[in-house]
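For reference, the structure is listed below as structure tokens.
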Amino acid sequence: MFSALRRCPASLSRNVSSVALSSRVLRTSLVQTPSAVRLAVPRLPVIATQAFHQSAKWYQTAEAAAEAEAEAVEDEYEPNNGPVTKFKDLALRGLVHPNLVNTITNSMKLETMTDVQTRTINEALSGVDVMAQAKTGTGKTLGFLIPIIQRMIDADPQLGDRVHGYKRARPDDIRAIVISPTRELAEQIAVEAKKICSGTGVIVQCAVGGTQKRAMLQKTQREGCHLMIATPGRLMDILSDPYSRIEAPHLTALVMDEADRLMEQGFQEEIDKIKTFLPDPDQVERQNLMFSATLNKNVVRLVKDTMRPGFHFAKCVNEDEAPTHDRIPQKLVEVVGFENIMPTLYELALKMHLNPQERNGRPFKAIIYFNSTSEVKLAASVFYKLSGGFKRNTPLGGLKAFEIHSKLSQQGRTRASEGFRFATSGLLFSSDVTARGMDFPNVTHVIQVGLPREAETYVHRLGRTGRAGKEGEGWLIITPLERHEVKRRLREMPLVKDESLEVPKVDMSVSGVIPEEAAKLIESSVEAHQRINPEELQDAFRGLFGSFQWYSDKNRLIESANRLAEFGWAMSTPPPPPASVFGGGRGRGGGGGRGALEAVVEAAEMVVLETAAADLEVSMIDEVAEAAAWPISTLTNGIAPRRTF
DNA sequence: ACCTGTA
């Protein structure tokens, strides 16, 4: 082996040490799994010679090694042709380039695939379209990144290697695009993509709003781009700009993350426009991958419009496993009026922050969701005053507080999400910008103020806690105005009324005997509001009417809002309600549920994968049972050919 | 004048 190395150019000599290193790592890890020790011998040449793609000798060695491994795998492992469930096996079976897999197993230390990953990776590697229904926080990002990156390498084997791939990158030959509904999510995906591509020649770029377009263009023109992770607005901006020199004439994969969200009003038009700048799928064959937590009418339409016949439907929502919203305990707090909300949050935060022993000592880390930006801003400001700047020796001392919403600069947003991500204990006052997909570790509480717009929103927000097997709890704080609608809109949720807090029960509009502790909290809250910029209060007042657009009894709404201004903010005269309040609101149609699922089934003949990852079989929705008569093993081995590197 | 998503 080393005689071969000596023949290589001097410039590559530094690879020798890394080769030695990776061999060593490999050897140690294999010793621990006796069944795999035998694989060490044929395995080594593949890794050791990864810089010599050009040599025919390399190909022979690699092919022989792959063959030997595959045979060994078939000898050793019992289900030899089932779906791959270990990342390591993706390389051993020649399905994914070792440079990609090694990063995942060695640097990222990932071993076993999650359910979503098993299903999407096995399926999508073959090139078919996949519509995956999966909860957030289940690792679906890797589920789509691995197959699209691997398929890029298939199309252009030089991309498998770092040195050769880099030289060939161009800005006008993007091979795959991932679209996400928020900037933060796009960035989170881009970070992961860059990580797993670090051993390959695949160049990843991220295009989101709020950043300097020029700088991004220059970087992309200089470095090129194979995989673009983007938000709709900026992507449209770049593709439609004739001077950007960024194009995707050979686009082979399009991924829509949070597809249900991307199909909502506002986004959908933009996506349609973007598609006009992408090559016609009839001319350039394109793989479509969609990820969606729910199947509503919009998603069905998307499926009908863009998925190619014969696409796969991977239902990764396990029926026997409780969904997020059943697994996480949820408490419902009904307050007397809007004026009770802020002091109630104060009471709750104090209680949770000061009693970590009730959570096995886990520090309090909460996201507090509001329905409008202005409410987020106000709550953040009020808490800052309440806590005396979160300094030590104050009741909320030790907490770090952040606010995040779209009216913040992108710099501010990044600072907030990074800050909260790395904080051991803290509060994040947030709009729905973080409701989906964002991964903040160790969130102990998700507190929602006011009824969320949709049940879907409620579930997504709730999903920010209880991640990675950790515990968490949800709190929903509502006023009597929302009581009825909560019962209707959130009837599926196991909300349990909570009576443990004092402040919510206090009628602040009448004088009476109030528990001393509650009185103190209310007093400090009102006092804090008096030190808030009046314009901020006005904004929040107007924002409230926006959040309550759905609420038809406008007189009661105005009355309740006035109480807030009077007793919660100590204003002598409440601000005027916005004129639009008297315009009247429109109702909205529902969707989703069982009917939508059936519609998806009818939309195409599909294979439905529904069983546990470890023992994957095909089970089917009745109508398509006959069409999908082939077992999963055939499907995986038949469509996805074994690759050699 | 509810949230996201280009300037």
Side-chain angles (χ1 to χ4, degrees), chain A residues 178-187 206-217 228-241 243-244 246 256-274 277 298 367 369-378 403-410 413 417 429-438 448-458 460-461 482 485 489 535-536 538-551 554 557 561 575-588:
Chain A
V178 178
I179 307 180
S180 135
T182 64
R183 298 169 183 175
E184 281 74 15
L185 195 50
E187 257 149 23
C206 183
V208 299
T211 57
Q212 291 222 339
K213 183 183 164 191
R214 260 189 71 119
M216 189 270 164
L217 288 183
M228 176 72 85
I229 321 282
T231 46
R234 180 54 68 88
L235 181 61
M236 176 63 195
D237 191 11
I238 286 175
L239 291 177
S240 61
D241 180 351
Y243 303 104
S244 74
I246 295 179
M256 300 241 236
D257 198 14
E258 309 283 351
D260 47 349
R261 182 80 180 94
L262 288 174
M263 280 300 107
E264 278 176 26
Q265 274 285 326
F267 273 132
Q268 190 220 307
E269 298 83 349
E270 192 100 57
I271 303 285
D272 286 344
K273 265 192 263 166
I274 288 170
F277 287 92
N298 290 333
I367 307 182
Y369 283 105
F370 296 86
N371 288 325
S372 69
T373 302
S374 53
E375 292 171 88
V376 176
K377 279 196 212 168
L378 178 60
E403 65 175 289
I404 188 163
H405 48 75
S406 66
K407 294 214 171 79
L408 230 52
S409 70
Q410 191 54 39
R413 282 169 65 160
S417 66
F429 296 93
S430 179
S431 71
D432 280 327
V433 69
T434 65
R436 284 169 180 258
M438 293 299 295
Q448 312 196 30
V449 176
L451 176 68
R453 275 174 285 285
E454 316 266 348
E456 256 173 50
T457 311
Y458 175 87
H460 279 290
R461 289 168 167 185
E482 297 149 287
E485 189 61 16
R489 219 181 277 183
E535 266 186 43
E536 210 175 316
Q538 291 238 1
D539 276 354
F541 194 79
R542 297 158 66 89
L544 197 63
F545 287 93
S547 309
F548 277 80
Q549 229 175 1
W550 58 272
Y551 190 71
K554 297 298 179 193
L557 178 60
S580 56
V581 171
F582 306 100
R586 278 180 297 141
R588 253 182 293 172

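So that the names make sense, note that chain A is the first sequence line, chain B the second, and so on, each numbered from 1.
- When the salt bridge (Lys or Arg N to Asp or Glu O under 4.0 Å) test is applied to A:E482, no partner is found at least two apart in sequence or on another chain.
- Contact of A:R183 with B:dT4 (side chain to base): no donor-acceptor pair of N or O atoms is detected under 3.5 Å.
- Between A:R413 and A:E184 there is a salt bridge, since at least one side-chain N of the basic residue sits less than 4.0 Å from a carboxylate O of the acidic one.
- One donor-acceptor pair, N or O on each side, does fall under 3.5 Å between the base of B:dC3 and the side chain of A:R261.
- Distance, A:I271 CD1 to B:dT4 C1': 12 Å, rounded to whole Å.
- For A:F548, the ring pair (Phe, Tyr, Trp, His ring centres under 6.0 Å) partners two or more places apart in sequence, or in a different chain, are A:F338, A:W550.
- For the pair A:M256 CE and B:dG5 P, the interatomic distance rounds to 17 Å; values are reported in whole Å.
- At B:dC3, one or more side-chain N or O atoms of A:K407 fall inside 4.0 Å of OP1 or OP2 (strictly under the cut-off).
- The side chain of A:S431 lies closest to B:dC3 when the candidates are B:dC3, B:dT6, B:dG5.
- Within the 4.0 angstrom heavy-atom criterion, only backbone atoms of the sugar-phosphate kind lie near A:G209; the bases stay farther away.
- Between B:dA1 and A:S374, no contact under 4.0 Å exists linking OP1 or OP2 to a side-chain N or O.
- The separation between A:R436 atom CZ and B:dG5 atom C1' is 13 Å, rounded to whole Å.
- A:D432 comes within contact range of no nucleotide atom at all, as no heavy-atom separation falls under 4.0 Å.
- Atom-to-atom, CD of A:Q410 to C1' of B:dT4 comes out at 12 Å; the value is rounded to the nearest Å.
- When distances are taken from the side chain of A:R542 to each of B:dC3, B:dG5, B:dA1, the shortest belongs to B:dA1.
- Looking at heavy-atom distances under 4.0 Å, A:R461 makes no contact with the nucleic acid at all.
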